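So the structure is just underneath, and the comments pick up after that.
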Amino acid sequence: MQKSKHHLYIEVLAKRILPDDIEASAIQQEFHRLEAGFAGEMKLKQTLSDYYFKTDHHIFYNFECMNDNGFSHQMDAVLVTSYFIVIFEVKLLSGVLFYKPAQHEFYRIHNEKRENFRNPFDQVYRHQLFLEQCLRKWQITIPVYFAVVIANQQAILDESLEKFPIFHISGVPNFIENLYRNTAKFSANISMIVAKLNQLYQTLPPRRSISLDRLRKGVLCRQCNYKNVMDYHYGTFTCNVCRAKSRDVLFETLYHYRILIGEKISNRQFRDFFGMTNIRTCSNILSRLGFEKCGSKRGTYYIIPENILSWSKKKT
Ligand SMILES: [Zn+2]
């Protein structure tokens with residue numbers, strides 16, 4: 001299961017944002033929300049992996065795409081069987097959840113505080129309408145359902161939610177059983193639907209960007225939770241504070257650069273981001289990495305490969 005590009009972006013940004021930045025704490029909070037959401041999707045995945053499907057099936061997790069109007073769709077999971085399709089929206093909300101259907105108002109009461117949330121039914125209904133329209137265009141007849149799944153066991157669902165497709169994650173097998181029992185047996189061509197959805201699938205870019213001057217520069221020490229800077233000496237980075245040593249942190253820092261700024265890096269950009277001053281040392285590091293090299297002379301830059309993080313496991 002893959003984290004979205006936005007999630008990866010916020011994950012790195014949370015480590016790199018200057019501590020006194022106006023958005024620093026909002027970014028940390030968003031990161032924790034994204035992590036919690038991802039944990040919820042993992043739980044759904046476990047539950048679905050443990051279920052015995054009665055027909056062939058295919059599941060897309062974190063299905064992302066754009067519609068014809070130029071708006072994006074991000075669906076936590078899409079289950080395709082030969083009888084029906086289900087879109088799952090995973091929520092990790094705590095407290096007591098309530099719904100006022102006529103007003104489309106979704107709220108919770110937690111620690112005696114009332115808080116409104118974006119209505120998950122409207123959110124997933126929008127995905128349903130979109131998928132139905134796609135299927136019509138592809139001339140495929142199959143019903144599309146949706147469910148809002150609560151991944152937090154402590155959450156309490158109020159009676160006002162009773163008539164709506166919202167339940168704890170443990171209710172997923174039962175929900176699918178009922179669909180198998182009550183849906184007309186369409187026997188749609190799964191491989192065709194999966195192929196069409198794969199064509200539609202498109203990873204969405206991060207939903208934000210940031211200017212360089214709001215980022216912490218330098219090679220940051222993982223041991224110190226990215227709070228302290230490491231110095232370079234003969235191929236090894238050493239933390240100024242805890243004295244931890246690392247060679248691999250080079251790849252992690254390049255990964256941070258790639259996620260936050262882009263895949264192209266020049267010697268000058270390398271020096272700036274890594275907080276290193278020696279041009280020669282930096283060109284040695286860059287040329288030893290063996291990245292694809294473009295341009296010439298002062299316009300030379302290198303392409304940081306997408307899998308740069310996994311380079312730490314390689315012998316270099
Ligand atoms: Zn350290």
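Whatever order the structure lists ligands and atoms in, that order sets their numbers, starting from 1. None of these values were measured; they are calculated from a predicted model.
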Value rounded to 0.5 Å, distance of CG in L18 from CD1 in I210:
8.5 Å
May I ask you to say whether [X] pairs ionically with [Y], meaning some side-chain N is under 4.0 Å from a carboxylate O?
X: K5; Y: E11; value: no
X: E292; Y: K264; value: no
X: K91; Y: E89; value: yes

Would you say the side chains of H6 and Q74 form a donor-acceptor pair under 3.5 Å?
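Side chains of H6 and Q74: no pair found under 3.5 Å.
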In the protein, how many N/O/S atoms are under 2.8 Å from the Zn ion (ligand 1)?
4
Near-ring test F167/F175, centroid separation under 6.0 angstrom:
yes
